[in-house]
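Working notes, structure below.
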2 protein chains.
Amino acid sequence: MTTSANGRRRPPTIHDVAREAGVSRGTVSRFLNGGHYVSPAAGRAVESAIRKTGYVVNRHARSLSTGRSDSVAFLLTEPQEKFFEDPNFNVLLRGCTERLAQHDIPLLLMLAESDDDRRRLTRYITSGHVDGVLLLSNHSGDPVAAELHDAGIPLVVCGKPIGRGTKVSYVAAADREGAQEMVRHLLAGGRRRVGMVTGPLDMPGGPDRLAGYRDVLAEAGLPYDPALVVEGDFRRSGGERAARRLLSQAPDMDAVFVASDLMALGVVNVLQQSGRSVPDDIAVGGFDDSPAATAIAPALTTMRQPFDRISTEMVRMLLAQIAGEDPAGIILPTELVVRDSA
Amino acid sequence: MTTSANGRRRPPTIHDVAREAGVSRGTVSRFLNGGHYVSPAAGRAVESAIRKTGYVVNRHARSLSTGRSDSVAFLLTEPQEKFFEDPNFNVLLRGCTERLAQHDIPLLLMLAESDDDRRRLTRYITSGHVDGVLLLSNHSGDPVAAELHDAGIPLVVCGKPIGRGTKVSYVAAADREGAQEMVRHLLAGGRRRVGMVTGPLDMPGGPDRLAGYRDVLAEAGLPYDPALVVEGDFRRSGGERAARRLLSQAPDMDAVFVASDLMALGVVNVLQQSGRSVPDDIAVGGFDDSPAATAIAPALTTMRQPFDRISTEMVRMLLAQIAGEDPAGIILPTELVVRDSA
DNA sequence: TCATTTTCTGTGATCGTGCACAGCTCCCCT
DNA sequence: AGGGGAGCTGTGCACGATCACAGAAAATGA
């Protein structure tokens, strides 16, 4: 540590290390960046000088010089609780953190609830503070994706973007095909009055899962009855509301496909309170394979979203974009997990 | 936007703006930092040049020059879910975000679960990337606080640190006094066999709330019975486990003080399942006044922690430290909220 | 009118790195 | 012996901003 005139500690620089080790700045810099072309003796000298001075690299200076920041943002543009209450979010976040850790890149979580937050963080990001952004799912009207894309920030969105205006990278599960498979499973169990609780239709995964449901009804020659379909909000409480509406609109329903496990928990709860037995009276199929799916009785039959692979792919694609590759979209298959509820 | 030889867009710099506006770099810089000593005409020219070029400040360059980064980290050194499932955490996080927003400072949430993460983030922080850290840490053995303090990073911890080794700033609620008030309230209701579910005793709020409980027992001339005290983990599931142990160890218990609302939810649940009525058979007092406290029946009587003021104070103290003031500790009073459970 | 302050402007120097370049030594190969 | 490459080292410049300073222009005072 060096002490300057006013008594405040000034952090040691690469120059202090060089002087301490008796070598030049260039040698220290080379040592820090991989150690190529540094003699063993010089390397040892630098190493001990670093320990002695307590040197840590000044990332602002490095970033200014290299143009990189070696950090990545995970941006949420919706209210926090919405994500925090969802165990899947934890899985996704942890997955991304771990993948990035393999490249020694720290992940910064940024929460943008208000427009004011959004502006502040967009400015923060576009001013070069991160190399790229992982964006978690957003309403179709959300301008953040377009803004970041226009600013040339590498970007990967989780979930298939609704508006196909700008060409941004995304990683999504096969929502439509997954929904088809689940509804086929319900029909294969002999059900004929199959309801559905959709996600918000302006969010990724909303319309596609509904489309899959309709596909299979048509395929089986069953009519599409609007009374059997209610829009939810991907939250537990929304599932409860939706279930109550379905029960009053279509009391003869014998199965229901719910577009997320969290909502399905609410649905099962309301069905049981109303005296129905799951799955005897009404079969319930979820979507996500959330950790919560096995926390209730009966354990939820659901479509597993491959969150491990999703996070892996998101990170891979982001790093690829940072390295200069073009944006691309990728859709990963889902998997039917049969448990007790259907 | 300027296009360089290789065709890649290079972001415009302050120099490009200056050329476009027909002024010097200095004038642009002054305009950006408050606009003092800039003539109205020059100001307008710069303003339109910024719009035209799409200029955004390069924060690395600015930080390198000023030594500040104008951003703050909110660091969690415990598993994510532990915080995310707690509604109080959301209140606290949102409060800090809002206070900082008033100073136009973005908040970066950092999650350090593994030692590896901790190292990576500590390095990231000490290399100058943020001006200060709000730490929601916890276990007494956590070395992060000490490390950051030693590195000279302004730091405010939420909760009173257990080990009083290093002198770090903290903001805490009056745990001991709050616990006293709650236990007095239980005794005032005529209860005599008052149990307690504590928090982890190596975490802030753990030992102090237990101490307050013992204070009041002594004050009332009641014996301290170890069978009436079980250590929990501040989580709902931990509350359930603790309640089961209490019921078997001390079936004659007529009240219980639970050191957090989240645990209290679990306790109430188990008590009701065991056929006890709350509050008729057993009174339950919580701690926190979490949003969850009113979500159950009976609504929870609890000690309100002033999370608004806590976040306000944390931010104020952090900014003060960044400005050069010395660290300090502050303890805020709690408030008894009487509802139906006691 | 001139002196003096106030407002405004441009020009280096600087922050701490990485990187290109040139120069040095040493070794190997013909 | 001479040429060529590899390994290693130091030096200057660039990155993009802020800031101190000096000087010009305008406003103010006597």
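Chain A is the first sequence line, chain B the second, and so forth, proteins listed ahead of strands; every chain is numbered from 1. Values in this document were obtained by computation on a predicted structure and should not be read as measured data.
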Open item on the list: Classify the ring geometry of A/H129 against A/H60: parallel below 30°, tilted from 30° to 60°, perpendicular beyond 60°.
Closed with: perpendicular
TODO: Rounded to the nearest angstrom, tell me the gap between atom CZ in A/R59 and atom C1' in D/dC15.
DONE: 17 Å
Task: A/S65 side chain near D/dC15 phosphate (N/O to OP1/OP2, under 4.0 Å) - done: no
Open item on the list: With a cut-off of less than 4.0 Å, is there a side-chain N or O of A/N33 near OP1 or OP2 of C/dG18?
Closed with: yes
Task: Interatomic distance, B/L64 CG vs C/dT17 C1' [rounded to whole Å] - done: 8 Å
Task: Distance, rounded to the nearest Å, where B/I14 contributes CD1 and C/dC15 contributes P - done: 19 Å
TODO: Give a yes or no on whether a donor-acceptor pair under 3.5 Å exists between the nucleobase atoms of D/dT18, that is its base, and the side chain of B/R25.
DONE: yes
Open item on the list: What is the separation between atom CG on A/N58 and atom P on C/dG18, rounded to the nearest whole Å?
Closed with: 10 Å
Open item on the list: Please report the distance, rounded to the nearest Å, between CZ in B/R19 and C1' in D/dG16.
Closed with: 14 Å
Task: Euclidean distance, atom OH of residue A/Y37 to atom P of C/dT25 [Å, nearest integer] - done: 19 Å
Open item on the list: Can you tell me if B/S39 touches the phosphate of C/dT9, counting only side-chain N or O atoms and a distance under 4.0 Å to OP1 or OP2?
Closed with: yes
Open item on the list: At less than 4.0 Å, is any side-chain N or O atom of A/T27 found next to OP1 or OP2 of D/dG10? Yes or no.
Closed with: yes
TODO: Could you tell me whether the phosphate oxygens of D/dA17, OP1 or OP2, come under 4.0 Å of any side-chain nitrogen or oxygen in B/Y55?
DONE: yes
Open item on the list: Between C1' on C/dC15 and CG on A/D16, what's the gap in Å once rounded to a whole number?
Closed with: 13 Å
Task: Cationic N near anionic O, under 4.0 Å, A/R316 to A/E313 - done: yes
Open item on the list: I'd like to know if A/R30 reaches the base of D/dG7 with its side chain, counting only an N/O donor and acceptor under 3.5 Å.
Closed with: no
- [ ] Run through B/K52, B/R51, B/R25 and flag the one making a salt bridge (charged side-chain N to carboxylate O under 4.0 Å, His left out) with B/E20.
- [x] B/K52
Task: Within 6.0 Å of NE2 in A/H103, more than 12 heavy atoms from elsewhere - done: yes
- [ ] Between B/T66 and B/S24, name the one whose nearest nucleotide on DNA chain C is closer to the 5' end.
- [x] B/S24
TODO: Please name the pair of heavy atoms, one in B/D70 and one in B/P106, separated by the smallest distance, quoted to 0.1 Å.
DONE: O-CD, 3.2 Å
Open item on the list: Please determine whether a side-chain nitrogen or oxygen atom of B/S29 lies at a distance below 4.0 Å from atom OP1 or OP2 of D/dA17.
Closed with: no
Open item on the list: Tell me the interatomic distance from A/R62, atom CZ, to C/dC19, atom C1', rounded to whole angstroms.
Closed with: 13 Å
